[in-house]
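Counting convention: from 1, in listed order, for ligands and their atoms alike.
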Amino acid sequence: MMGRDLDPGTAGKLLNAVLDAGINFIDTSPDYGASEESIGQHLSGRRREFFLASKCGCPVGDAGEGARREHIFTRQNVRAGVEQSLRRMKTDHLDIVQFHASPPRSVLEENEAVEELKDLRREGKIRFLGMSGTLPNLTDHIAMGVFDAFQIPYSALEREHDGAISEAAAAGAGTIIRGGVARGTPDAPEERLSRLPEPFRQMYQQRRNRWEEAKLDDLLDGASRTEFMLRFTITHPGMHTTIVGSANPAHLADNVAAAAKGPLPHDVYEEAKTRLT
Ligand SMILES: NC(=O)c1ccc[n+]([C@@H]2O[C@H](COP(=O)([O-])OP(=O)(O)OC[C@H]3O[C@@H](n4cnc5c(N)ncnc54)[C@H](OP(=O)(O)O)[C@@H]3O)[C@@H](O)[C@H]2O)c1
């Protein structure tokens with residue numbers, strides 16, 4: 001759940017709709033604006049209904065207007081962040097805490113950051129150790145053998161981490177796939193793309209081109225592009241769960257319906273991968 005400016009009423013309705021729809025895994029971060037406070041405000045009474053994942057190493061306290069602050073993986077900042085998340089979300093434990101921003105193994109080791117998470121686990125404040133990891137550091141993270149779960153970016157249109165997902169799963173860790181609908185790019189109206197700032201517009205355009213070049217519309221069989229994307233993501237054999245961001249209740253309902261259809265048929269999945277390679 002990324003930080004977006006939703007009024008409290010809208011955020012409350014959306015968060016409750018997520019649980020009502022049967023979703024039982026919520027991912028957040030101290031970096032996502034008012035997200036943690038919203039979860040505390042609207043879902044603390046339903047805490048037993050979902051697994052709660054947040055991040056650590058993030059700046060602690062108020063970021064201030066437009067601030068972009070550095071991630072710090074000292075024992076002190078890791079602990080302060082987790083304790084802040086517990087307070088904000090009005091809970092006594094987090095199910096997974098993930099190091100944010102894929103720090104190098106050397107930074108984690110110099111700071112004894114993993115040891116701090118283990119201390120927090122011994123104290124019952126967290127249950128599982130996680131990493132929000134990307135290549136190249138992700139290879140080291142998997143080799144460290146200490147992480148219970150990895151959050152990894154992946155979609156049909158961004159398959160750079162395809163092999164890393166399989167490696168993490170083969171190592172016995174849980175995998176949490178993010179970005180699995182490529183931010184809705186294939187279905188986004190041209191007019192919305194044209195309003196994006198230049199670096200984003202280019203990135204979205206590249207994804208869109210990849211979709212067109214692979215002629216994936218031929219494989220839709222009546223599905224929307226986003227439905228196809230989501231089902232492609234959950235078909236990855238190393239995927240254990242996926243987190244889709246949305247501030248739109250209609251999209252939430254569509255995504256739940258798409259996920260309920262399950263993985264893509266084998267021949268469609270193989271054909272899509274061939275076309276995307
Ligand atoms: N480094 C990290 O750890 C990190 C980084 C990025 C994200 N994350 C986590 O991963 C989650 C998802 O990532 P993400 O938001 O970047 O990627 P995403 O889930 O691929 O994309 C979310 C975007 O897709 C749109 N969307 C969702 N369902 C749609 C549908 N059915 N039709 C059309 N558009 C649809 C949403 O717009 P609407 O609001 O209009 O539905 C939103 O703009 C985040 O909420 C966060 O928890 C973690």
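- Inclusion of Thr28 in the set of residues having an N or O under 3.5 Å from an N or O of ligand 1 is not warranted.
- Note: Phe147 and Phe150 have perpendicular aromatic rings, judged against thresholds of 30 and 60 degrees for the angle between ring planes.
- Defined by atom type and a distance below 3.5 Å, a donor-acceptor pair is missing between the side-chain atoms of Gln98 and Ser54.
- A donor-acceptor contact closer than 3.5 angstrom is absent between the side chains of Thr242 and Thr233.
- Using bins of under 30°, 30° to 60° and over 60° for the plane-to-plane angle, the ring pair Tyr154/Phe232 lands in the parallel bin.
- Distances from atom 14 (P) of ligand 1 to the heavy atoms of Met131, Arg183, Gln98 show the closest one on Arg183.
- Among Ser155, Gly245, Gly179, Ala258, the residue whose heavy atom sits closest to atom 17 (O) of ligand 1 is Gly179.
- A donor atom on one side chain and an acceptor atom on the other are not found under 3.5 Å apart for Gln41 and Glu37.
- Summarising the hydrophobic clusters (Ile, Leu, Val, Met, Phe, Trp, Tyr; side-chain heavy atoms under 4.5 Å, direct or chained), the residues clustered with Val60 are none.
- Under 4.0 angstrom from ligand 1, the non-hydrogen atoms of Ala182 all belong to its backbone.
- Enclosure of atom NZ in Lys273 by more than 12 non-hydrogen atoms of other residues, nucleotides or ligands within 6.0 angstrom is indicated.
- Both the sub-6.0 Å distance and the 45° axial angle are not jointly satisfied by Arg231 relative to the ring of Phe228.
- Contact atoms of ligand 1 toward Ser246: 38 (P), 39 (O), 41 (O) (distance under 4.0 Å to a heavy atom of the residue).
- A donor atom on one side chain and an acceptor atom on the other are found under 3.5 Å apart for His93 and Arg47.
- Ligand 1 has a nitrogen or oxygen under 3.5 angstrom from a nitrogen or oxygen of Ala247.
- Taking each of Leu14, Ile177, Ile243, Leu6 in turn, the one with a heavy atom nearest to atom 10 (O) of ligand 1 proves to be Ile243.
- Below 3.5 Å of separation, one finds an N or O of Ser132 facing an N or O of ligand 1.
- Taking every non-hydrogen atom of Gly180 and a distance limit under 4.0 Å, the qualifying atoms of ligand 1 come out as 20 (O).
- Nearest to atom 31 (N) of ligand 1 by heavy-atom distance, out of Asp254, Val256, Asn255, is Asn255.
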Tell me which donor-acceptor pairs under 3.5 Å the side chains of residues 248-260 have, and how far apart each pair is, sequence neighbours excluded?
unit_1: Asn248; atom_1: OD1; unit_2: Ala250; atom_2: N; d: 2.8
unit_1: Asn248; atom_1: OD1; unit_2: His251; atom_2: N; d: 3.3
unit_1: Asn255; atom_1: ND2; unit_2: His251; atom_2: O; d: 3.2

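- Residue-level proximity to ligand 1 for Gln151 is carried by the side chain, the only part with a heavy atom below 4.0 angstrom.
- Contact analysis puts Lys55 in contact with ligand 1, with a non-hydrogen atom separation below 4.0 angstrom.
- In terms of N/O distances under 3.5 Å, ligand 1 is not approached by Ala101.
- The distance from ligand 1 to the heavy atoms of Asp27 drops below 4.0 Å at these ligand atoms: 9 (C), 46 (C), 47 (O).
- Close approach to His100 involves these atoms of ligand 1, each under 4.0 Å from a residue heavy atom: 1 (N), 2 (C), 3 (O).
- Look at Asp187 and you'll find every heavy atom at least 4.0 Å from all atoms of ligand 1.
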